[in-house]
Amino acid sequence: ALDIAKKIYGPENYHTVACTENLALLLNFVGRYEEAEPLFRWLVSLDEKFVGPTHIGICNSLSHLASNLQGLEKFEEAEGLFRRVLSIR
């Protein structure tokens, strides 16, 4: 679905972003953290580009990435992202 969305809509279209997020969440859920990490990072970069680094709309992407980083045992980076979410909210 992600490959089709990229071809039809382009990389930054809502449908493509939704497919990317769903895939990242699934990969994270089943413990495939290394595969999910770049997808979550890309989603955060899109949010930073379109809504800004301190907009409330970035909190979900940051939280998802932080949770992923916990699975990768990158605890310091995860903590920093969770703290960033708290400061935004």
Study note, to complete from the structure: The salt bridge (Lys or Arg N to Asp or Glu O under 4.0 Å) partners of Glu34 (sequence neighbours excluded) come to none

Check your understanding: Could you give all pairs that pass the salt bridge (charged side-chain N to carboxylate O under 4.0 Å, His left out) test and reach residues 10-20, with sequence neighbours left out?
Key -> Glu12-Lys49

Review point. Do Phe75 and Tyr33 share a hydrophobic cluster (ILVMFWY, side-chain heavy atoms under 4.5 Å, transitive)?
Key: no

Study note, to complete from the structure: Across all chains, not counting sequence neighbours, the salt bridge (Lys or Arg N to Asp or Glu O under 4.0 Å) partners of Lys7 are none

Study note, to complete from the structure: Those residues at least two apart in sequence (or on a different chain) that pass side chain to side chain contact (heavy atoms under 4.5 Å, CB included) with Lys74 are Glu37, Leu69, Leu72, Glu77

Study note, to complete from the structure: side chain to side chain contact (heavy atoms under 4.5 Å, CB included) filter on His55, not counting sequence neighbours, yields Val51

Check your understanding: By the rule that ILVMFWY residues connect when side-chain heavy atoms come within less than 4.5 angstrom, directly or transitively, which residues belong alongside Ile4?
Key -> Ile8, Tyr9

Going by atom type alone, with no hydrogens or angles, which donor-acceptor pairs under 3.5 Å involve a side-chain atom of residues 57-67 and a protein atom two or more places apart or on another chain?
| unit_1 | atom_1 | unit_2 | atom_2 | d |
| --- | --- | --- | --- | --- |
| Ser61 | OG | Asp47 | OD2 | 2.5 |
| Ser63 | OG | Cys59 | O | 3.0 |
| Ser67 | OG | Ser63 | O | 3.1 |

Review point. Pairs in or reaching into residues 78-89: which pass side chain to side chain donor-acceptor pair (under 3.5 Å), with residues at least two apart or in two chains?
Key: Glu48-Arg84, Glu79-Arg83

**Study point:** Heavy-atom side-chain proximity of Val17 to Trp42 below 4.5 angstrom
**Key:** yes

Pairs of donor and acceptor atoms involving the side chains of residues 20-31, under 3.5 Å and at least two apart or interchain, shall be tabulated with distances.
| unit_1 | atom_1 | unit_2 | atom_2 | d |
| --- | --- | --- | --- | --- |
| Thr20 | OG1 | Thr16 | O | 2.8 |
| Asn22 | ND2 | Ala18 | O | 3.3 |
| Asn28 | OD1 | Asn68 | ND2 | 2.9 |

Point to revise | Cluster overlap Phe82 with Leu43, hydrophobic side-chain contacts below 4.5 Å | key: no

Review point. Measuring from Ser45:OG to Phe40:CZ, what's the distance to the nearest 0.5 Å?
Key: 13.5 Å

